[in-house]
Amino acid sequence: MATELFKNIPSKVGDLIRDVRTGRIGLPDLQRPFVWKDNKVRDLFDSMFKGYPIGYIMLWESPVDYESKKSSIGDNTKTYDEPKELVIDGQQRLTALVAAIYGVKVKDKNFRQREIKISFNPMTCEFAVWSKAYERDSEWITKISDVFIAKENNSLVSFRKKFIAEYSEGRAKKSLPPLNDNEEYEIENNINNLLNLSEYSLPTLEINYNADEEDVADIFVRVNSGGQSLTENNFIQTLISVYENDTSDKINEFCASSRVPAQNTSFNNIIAVDPAHLIRMAVGVGFRRARLRYAYMLLRGKNLETGKFSEDERTLNLQRFKDALDKVMNLNNWHAFLNIVGEAGYISHNLIASSNAVVFNYILYLIGKYDYGLSPLQLKKSISKWFFMSAITYFYSGSTESDVEKQFADLRDVHTADEFIAYLDKTIATHFTSDYFNYTLPSELNTSAAISPSWNGYIASQIVLNTPMLFSNTPVSKYFLLGASGTKNAIDKHHIFPKNYLARIGITNDRDRNQLANFTYLDYSTNIDISDKEPQKYVYEYRLKLGEDGYAKACAEHALPENFENMPYTEFLEKRRFLMAQVVKKAYDKLCE
């Protein structure tokens, strides 16, 4: 039998919560978005009250001499600078207990603070998610945290008396008899039972501090007792949250402001930033690593050359990480890069099929700026071309970490700005070949998939080329800008050969009717005007309005074969796919100018 990497520690809920509040146990989910629904928190307390098992907690023992780390941190209640243990599994469960019992606020998915409020009926022993109805009902304790805080403040007796008095008043208003002695005793007894949840046994496993980092990380990624999959990103966030809380706060602030429109913040219309994105960026910029398994070794203090752990090494690596993070979260860098993404035609998150394209392009941008000293003009030209290529060719999908590691390895032989630019251009040329535009891209456009990098690339190309909407003078780009539409879309994805028309001629399979090559964007009024008209009829009407030159120009801009309205449907699709690919090539050529 293999040597066990853990030991069992008999623990009570109250002891675990106390250790979290004092900082002895590091619980990063108090800073990160809390994903449990409130009804799941309610069920947790209901299970405990009934004596059901609720899982276990897994901790990772810190190698730091934590007793020497005792101190008063600001004006909060923590007495430890750094934790003795980190929570590896059971983070959501423990966060729910701390938040609901002591009213500690958590953050929602948009990083806004909120309170988890669980109500309790001490007569029926029911738990419920707080609502105004329970707050107004005198038979319910509005928040269980009120009970636990009253005990902590030595005001539990007055709390009980006040609650029973209000309970009796409520019954009187309903013309019910007052509480008798047995009922008052029942209420007091059940309030005590609620408080006794602090004595609830919660099995706890502690991984030894000298366990190999890769073993611990593997455990972290594998365990899933709380129903939330744990990733390497979660693992690194744990390390940052407990060892560098200020850095964790800055990360969360950057992520939060990326979602709310405001000047001088990280807000954008391309990507809602998550801590995982920033971690990847900082690791890529600071350590030239794409595989996050290296990151958690470095941030815990492992020298990758010697394989030894030391606190000095951890301090150096954390500083290197923070320096890289400063570059990543510099708003001048961030918005300059996003403007470059816009130059490549990707002006909306609706056109971004993978966040990896944004993350790894930004890493390249920062490496180009700081390590190779590219000028703003050089960065704009090189990174816009690279983003355009990488987004449409799925460059950062599949075995992304392996591909980026190879790229970092290639860059070890790149020493100057000119060599960096040449490297990017050479790599682009290996993807954007004649065969790609003549065969590969048309083949990739042969799909009805709702999310398609090839379709997004085609639309981005129209934006690069400042193409007007079909049968309109308004640029396509206008309708992807933030705030351009109200409750009804100002832009519609329209079937060039309408679905009902295709059904009338015997084409009823949606995969055939919803081919990407059968779509174009129209403004709302044009879409209403065309409706389900057969192509011959609506094209004839617009040819008269536009004139032959205007019609030919519109066809060229929108990859429509001239006289397409008279073509068999399958022939139209084949020819349009090829023309769409040529529009993409034309846009790339413009980015190269």
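Ring pair Phe387/Phe337 is perpendicular by interplanar angle, where above 60° counts as perpendicular and below 30° as parallel. Tyr396 and Phe360 have parallel rings, their planes meeting at less than 30° on a 0 to 90° scale where 60° marks the start of perpendicular. Relative ring orientation between Trp334 and Phe254 is described as perpendicular, the plane-to-plane angle rising above 60° on a 0-90° scale split at 30° and 60°.
When the shell of 6.0 Å around NZ of Lys117 is examined, it contains more than 12 heavy atoms from other residues, nucleotides or ligands. Within 6.0 Å of CD1 on Ile451 lie no more than 12 heavy atoms contributed by other residues, nucleotides or ligands. No more than 12 heavy atoms of other residues, nucleotides or ligands lie within 6.0 Å of CG in Asn473, so this atom counts as exposed by the packing criterion.
The main-chain N or O of Ile54 is found under 3.5 Å from a side-chain atom of Arg93 such that the two form a donor-acceptor pair. Between the side chain of Lys590 and the backbone N or O of Val464, at least one donor-acceptor pair lies under 3.5 Å. Put simply, the side chain of Ser452 gets close to the backbone of Trp455: a donor and an acceptor are under 3.5 Å apart.
Checked against the 6.0 Å centroid threshold, Trp386 and Tyr365 do not count as a close aromatic pair. Between Phe519 and His495, a ring centre-to-centre spacing shorter than 6.0 Å is recorded.
Side chains of Thr474 and Asp523: no donor on one and acceptor on the other come within 3.5 Å. For Gln319 and Asp323, the side-chain atoms include at least one donor-acceptor pair closer than 3.5 Å. Side-chain contact of Asp89 with Tyr56: a donor-acceptor pair under 3.5 Å is present, judged by distance alone. With hydrogens and angles left out, the side-chain atoms of Asn333 and Tyr370 include a donor and acceptor closer than 3.5 Å.
Taking the side chain as every heavy atom from C-beta outward, Ser454 and Tyr458 never approach each other to under 4.5 Å.
The CD1 atom of Ile428 sits 8.5 Å away from atom OG of Ser390, with the distance rounded to the nearest 0.5 Å.
Salt-bridge check for Arg280 with Glu401: passed, with a basic side-chain N closer than 4.0 Å to an acidic carboxylate O.
Of all non-hydrogen atoms in Arg288 and Leu411, the two that sit nearest each other are NH1-CB, 4.0 Å.
A cation-pi arrangement, defined by a distance under 6.0 Å to the six-membered ring centre and an angle within 45 degrees of its axis, is absent between Arg259 and Phe111.
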